[in-house]
**Q** 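There's a structure below that I have some questions on.
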Amino acid sequence: MQQPKVLTDSDVASTTKSVMKKLPEVTLAFWIMKIAATTLGETAGDLFSQTLKLGYFLTTIALFLIFVVTLVVQLCSSRYNPFFYWTVILSTSMAGTTMSDFMNRDASAKYLSNGATSLGWGPQGLGLGYPAGAAILLSILMVIFAVWRLSGMTFQIRDIVTFRGEALFWSAILVSNTLGTSMGDFLSDSSGLGYAGGALLVIGLLAVLVALMKVPVVPNVLLFWIAFVLTRPLGATAGDFLTKPVAKGGLNLGTPGSSAVLLAVLLGLMAYAHVKEGRTRTERE
C-alpha cells in the first residue's frame with residue numbers, strides 16, 4: 001500500500017504561492033509602471049484639489065475612500081490582476097498627494113493662486129511644512145515595518161500570499177507614497193533644486209541603488225523599499241514639471257491634459273501587463 005505523501009512547509013508555501021499569488025514580479029516594467037502611476041497620482045491629485053478647487057481636505061477624504069474601495073477589490077481577488085493592483089497603486093498615489101499637501105500646506109499665499117484666500121471647504125491644511133511632514137510620515141513607515149518584522153511575515157513581495165501580509169504591504173505603500181510626495185515637494189519647492197534638479201537628484205540616488213544590487217551584503221528587500229519611496233518624489237517632480245507654469249520651471253501643460261496623457265500611458269501598460277500575465281498563467285497550466 002502506497003504511503004500518503006507528507007507535505008513539508010516548503011511544499012505548502014509553494015502550493016499556496018501558485019494559487020494565491022497576488023502581487024507582481026519586480027522587473028523593469030514594474031518600475032516604469034510605478035513611475036507612470038505616481039506621476040499620474042501627482043497630476044490627478046492636484047487636478048481635484050487645486051484646479052477644480054475642491055481643496056485638500058475634501059479631496060483627501062474622497063481619494064482615501066477611493067483607495068479603500070480599490071483595496072477591497074484587490075484583497076478580494078484570488079490572484080494577481082494587473083488592473084486591480086495598479087489601480088490601488090494609482091489610488092494610493094492620488095490620496096498620498098493630497099494627504100501630503102494637507103499635512104504640509106496651509107492658506108498662505110504661496111500655496112494659493114490668483115489672489116485666492118481659501119481653497120475648498122474645510123480646513124486649508126495643517127501647515128506642518130515639508131521637513132516636519134516627512135519626518136512624521138517616515139516615523140509612521142518605520143512603525144509599520146517594525147510591526148511587519150515582529151509579525152514574522154516576509155518582506156519579499158513575490159512571497160506575500162496572506163491577507164495579513166498584504167494588509168501590511170498596502171499600509172506601507174500608502175504611507176511611502178505620501179512620504180514620497182512630501183520629499184518631492186521639498187526637493188522641487190524648498191530645496192532650491194527646482195523640478196529638473198530634484199528629478200536628477202532622485203535619478204542619481206536610484207542609480208546608486210542599482211549599483212548596490214551587486215553588493216551581496218546589502219539586502220535587496222531594503223533596496224526595493226528605498227527605491228519604492230524614491231520613485232514617488234520622482235513622479236511628484238515629474239508631475240510638477242509637466243503642469244507648473246514656465247516661470248516656475250515647468251512646461252505649463254496643465255493638470256487636465258497631463259493627467260489624460262499619463263492615464264492613457266498607464267492604461268496601455270496595464271493592458272500589456274494583463275496580456276503578459278495571461279500568457280504566463282497559460283504556460284504554467
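Computation of the quantities below employed the complete heavy-atom set of this structure, encompassing side-chain atoms and omitting hydrogens, waters and symmetry-equivalent molecules.
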**Q** Less than 4.5 Å apart, any side-chain heavy atom of Pro256 and any of Leu47?
**A**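 Answer yes - side chains close enough.
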**Q** For a 4.5 angstrom cut-off between non-hydrogen side-chain atoms, does Ile173 reach Phe228?
**A**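 The answer is yes; the side chains approach within 4.5 Å.
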**Q** If I compare all heavy atoms of Ala172 with all of Leu141, which pair ends up nearest, and what's the gap?
**A**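 For Ala172 and Leu141, the tightest heavy-atom pair comes out as O-CD1, 3.7 Å.
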**Q** Of the non-hydrogen atoms in Asp185 and Asp101, which two are nearest, and what is the gap between them?
**A**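 Looking at all heavy atoms of both residues, the shortest contact is OD2-OD1, 3.3 Å.
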**Q** Do you reckon Met33 sits in the same ILVMFWY cluster as Phe84, going by side-chain contacts under 4.5 Å, direct or chained?
**A**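 Result: no, two separate clusters.
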**Q** Under a 3.5 Å threshold, yes or no: a donor from one side chain and an acceptor from the other, between Thr43 and Thr255?
**A**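 Distance-only check fails for Thr43 and Thr255.
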**Q** Do Ser49 and Leu54 have side chains that approach each other closer than 4.5 Å (heavy atoms only, starting at C-beta)?
**A**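 Side-chain contact under 4.5 Å: no.
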**Q** Under a 4.5 Å cut-off applied to non-hydrogen side-chain atoms, are Phe64 and Val68 in contact?
**A**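 Side-chain contact under 4.5 Å: yes.
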**Q** Please name the pair of heavy atoms, one in Thr59 and one in Gly45, separated by the smallest distance, quoted to 0.1 Å.
**A**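 The answer is CG2-O, 4.3 Å.
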**Q** Output the distance between atom CZ (Phe57) and atom OG1 (Thr98), rounded to the nearest 0.5 Å.
**A**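 So the gap between those two atoms works out to 11.5 Å.
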**Q** In terms of relative ring orientation, are Phe169 and Trp148 parallel, tilted or perpendicular, with 30° and 60° separating the classes?
**A**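 Geometry flag for Trp148 against Phe169: perpendicular rings.
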**Q** Just by distance, no angles: are the side chains of Ser182 and Asn104 close enough, under 3.5 Å, to form a donor-acceptor pair?
**A**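 A donor-acceptor contact under 3.5 Å links the two side chains.
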**Q** Can you tell me how far CG of Leu222 sits from CG of Leu209, rounded to the nearest 0.5 angstrom?
**A**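 That separation rounds to 8.5 Å.
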**Q** Would you mind reporting whether Leu230 and Met183 have side-chain heavy atoms less than 4.5 Å apart?
**A**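 They are in side-chain contact.
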**Q** Evaluate side chain to side chain contact (heavy atoms under 4.5 Å, CB included) for Leu234 paired with Thr38, printing each intermediate quantity in order.
**A** CA-CA 8 Å; Leu234 178 60; Thr38 53; over 6 Å; no
**Q** How long is the gap from OG on Ser176 to CD1 on Ile140, to the nearest 0.5 Å?
**A**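 These two atoms lie 12.0 Å from each other.
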**Q** Can you find a pair of side-chain heavy atoms, one from Trp86 and one from His274, that are under 4.5 Å apart?
**A**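 In short, these two side chains do not touch, never coming nearer than 4.5 Å.
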**Q** Would you say Val275 ends up clustered with Val265 if hydrophobic residues are merged whenever their side chains have heavy atoms under 4.5 Å apart, either directly or through other cluster members?
**A**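 Each belongs to a different hydrophobic cluster.
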**Q** Looking at every non-hydrogen atom in both residues, tell me the closest pair between Thr154 and Ile160 and how far apart they are.
**A**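 Shortest heavy-atom separation between Thr154 and Ile160 comes out as O-CG1, 4.0 Å.
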**Q** Can you name the nearest heavy-atom pair linking Ile89 to Lys34, along with the distance?
**A**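 Taking every non-hydrogen atom into account, CG2-CD, 4.4 Å.
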**Q** Mind checking whether Trp225 and Phe145 have ring centres under 6.0 Å apart?
**A**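 Close enough - the centres of the two rings lie under 6.0 Å apart.
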**Q** Could you state the interatomic distance from OG1 (Thr87) to CZ (Phe67), rounded to the nearest 0.5 Å?
**A**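 Result: 12.5 Å between the selected atoms.
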**Q** Count the heavy atoms belonging to other residues, nucleotides or ligands that lie under 6.0 Å from CE of Met213, then report whether that count exceeds 12.
**A**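 Counting other residues, nucleotides and ligands, CE of Met213 stays at 12 neighbours or fewer.
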**Q** At what distance, to the nearest 0.5 angstrom, does CZ of Phe83 lie from OG of Ser77?
**A**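 Answer rounded to 0.5 Å: 13.0 Å.
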**Q** Are Leu90 and Leu40 close enough, and set up right, to give a side chain to side chain contact (heavy atoms under 4.5 Å, CB included), and what steps lead you there?
**A** CA-CA 7 Å; Leu90 176 59; Leu40 176 57; 3.7 Å; yes
**Q** For the atom pair CG (Asn177) and CG (Leu137), what is the distance rounded to the nearest 0.5 Å?
**A**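 Output value for this atom pair is 11.0 Å.
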**Q** Would Val210 and Val221 show up in the same hydrophobic cluster when neighbours are defined by side-chain heavy atoms closer than 4.5 Å?
**A**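 In one cluster with Val210: Val221, no.
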**Q** Between Val208 and Val217, is there a shared hydrophobic cluster once you connect ILVMFWY residues whose side-chain heavy atoms come closer than 4.5 Å?
**A**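 They do share one cluster, since a chain of ILVMFWY contacts under 4.5 Å joins Val208 to Val217.
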**Q** For the hydrophobic clusters of this structure (ILVMFWY residues joined by side-chain heavy atoms under 4.5 Å, transitively), does one cluster hold both Leu266 and Leu28?
**A**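 Leu266 and Leu28: one cluster.
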**Q** Can you check whether Met94 reaches Glu42 side chain to side chain, under 4.5 Å on heavy atoms?
**A**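 The answer is no; the side chains never approach within 4.5 Å.
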**Q** Name the residue from Leu71, Leu63, Leu174, Val175 that meets the side chain to side chain contact (heavy atoms under 4.5 Å, CB included) definition with Thr92.
**A**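 The option that passes is Leu174.
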**Q** Between Tyr85 and Tyr80, how do the two ring planes meet: parallel, tilted or perpendicular, split at 30° and 60°?
**A**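 Ring orientation, 0 to 90° scale: perpendicular.
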**Q** Is the shortest side-chain heavy-atom distance between Arg149 and Phe155 below 4.5 Å?
**A**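 In contact.
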**Q** Nearest heavy-atom pair of Ser91 and Thr70: which atoms, and what distance?
**A**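 Reported closest heavy-atom pair: OG-OG1, 3.0 Å.
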